[in-house]
Q: 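Below are the structure tokens for one structure; questions will follow.
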Amino acid sequence: MHKIRKCLFPAAGYGTRFLPVTKSMPKEMLPLVNKPLIQYGVEEAIEAGMNGMAIVTGRGKRALEDHFDISYELEHQIAGTDKEWLLTDIRRIIDQCTFSYTRQVEMKGLGHAILSGETLIGEEPFAVVLADDYCATEHGEEGVLTQMVKLYEKYRCSIVAIEEIPREDTRKYGVIAGDLEADNLYRVREMVEKPDPAVAPSNLAIIGRYILTPDIFDILRETPPGRGGEIQITDALMTQAKMGNVLAYKFKGRRFDCGSIEGFMEASNYNYEHIYKKKR
Ligand code: G1P
């Protein structure tokens, strides 16, 4: 029985919506207050019991590797000062996890990014986090990946996180339709990448949290380019869904689209009020 040990982070995108800041800095390093987006994703994965962080990067992403590495000079500088605690969390992460990296050499879509990560994952089920979907949970509530891992342990198939969106926004997301299997859980019948509102099968949108069974890699290899000429994870998942092997879970928590300036600013304000101020 396979436990989910690894989490894949596709992080090769250019972050063009945030230019010029993303000119020389990975968008995954944009901070909500004082912590980079990707660290929130890593913390969510750790909470869900994972310790293998597999990051698919690209050119100009070295800051990601430096972030998840020890900086001896810095630690030496602040040892014994009142700033020392600021590095406690990241230091614990580095001690607990292994980080592995591979590069997505060509930008051929999210499905292609995930397939590039196969070498880091191997033959086991794994989670995927899109770091620009930041998911906040209230104090005491379980993180979204923790909620999904529990479902995986029961159902043993691929699972996507979903939320209801306004119909006019279906063009921005993968959209599913399915049959209710349990509370907040659908057995997926149909999934379409970024459909027009007029033909979208529902207003249930996929957000950036997935649990995937490893057969997805063979399927991705066979999946032709779809929407935007890119290899879409949504299309590959549809192949699994045809066999009844995909669930969609309406998670508990609040999600911010940190891939957009508006969502990013909202998440920053939210974390400033709900996390940062409370720690002082
Ligand atoms: C990707 C997926 C899409 C999903 C979205 C969630 O799209 O292709 O199915 O709904 O992430 O954020 P992207 O936002 O990378 O265009």
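Atoms within a ligand are numbered from 1 in the order they appear, just like the ligands themselves.
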Q: Is any side-chain heavy atom of Phe99 closer than 4.5 Å to one of Ile93?
A: yes
Q: Return the closest protein heavy atom for atom 2 (C) of ligand 1 as residue, atom name and distance.
A: Glu193 OE2, 3.6 Å
Q: Does this structure show an ion pair linking Arg209 with Glu44, if we count only N-O contacts that are shorter than 4.0 Å?
A: yes
Q: Regarding ligand 1, does Gly174 bring an N or O atom to under 3.5 Å of one of the ligand's N or O atoms?
A: yes
Q: As a test of the contact definition, would atom 15 (O) of ligand 1 count as having a protein heavy-atom neighbour under 4.0 Å?
A: no
Q: Give the single entry among Val128, Ile165, Asp133 that approaches atom 6 (C) of ligand 1 most closely by any heavy atom.
A: Asp133
Q: Suppose we call two aromatic rings close when their centres sit under 6.0 Å apart. Are Phe264 and Phe18 close by that rule?
A: yes
Q: With a heavy-atom distance limit of 4.0 Å, tell me whether Leu130 approaches ligand 1 through its side chain, its backbone, both, or neither.
A: side chain
Q: Looking only at distances, can you tell me whether any N or O atom of Lys194, backbone or side chain, sits closer than 3.5 Å to an N or O atom of ligand 1?
A: yes
Q: Out of all atoms in ligand 1, which are within 4.0 Å of some heavy atom of Thr234? Include the element for each.
A: 9 (O)
Q: Tell me which protein heavy atom sits closest to atom 5 (C) of ligand 1, plus the residue, atom name and distance to 0.1 Å.
A: Ile206 O, 4.0 Å
Q: Classify the side-chain pair Asn271/Tyr134 by whether it contains a donor and acceptor separated by less than 3.5 Å.
A: yes
Q: Between the side chains of Lys252 and Glu141, is the shortest nitrogen-to-carboxylate-oxygen separation below 4.0 Å, so that they form an ion pair?
A: no
Q: Are any of the N/O atoms on Tyr173, whether in the backbone or the side chain, positioned under 3.5 angstrom from an N/O atom of ligand 1?
A: no
Q: Would you mind checking if Lys250 and Glu164 are paired as a salt bridge, meaning a charged N to carboxylate O distance below 4.0 Å?
A: yes
Q: Do Lys35 and Tyr40 meet the cation-pi criteria used here (NZ or CZ under 6.0 Å from the six-membered ring centre, within 45° of the axis)?
A: yes
Q: Just to confirm, does any protein heavy atom lie below 4.0 Å from atom 8 (O) of ligand 1?
A: yes
Q: Pairing donors with acceptors under 3.5 angstrom, does anything connect the side chains of Glu73 and Gln77?
A: no
Q: Below 4.0 angstrom from a heavy atom of Leu110, which ligand 1 atoms are there? Numbered from 1 as shown, please.
A: 1 (C), 2 (C), 8 (O)
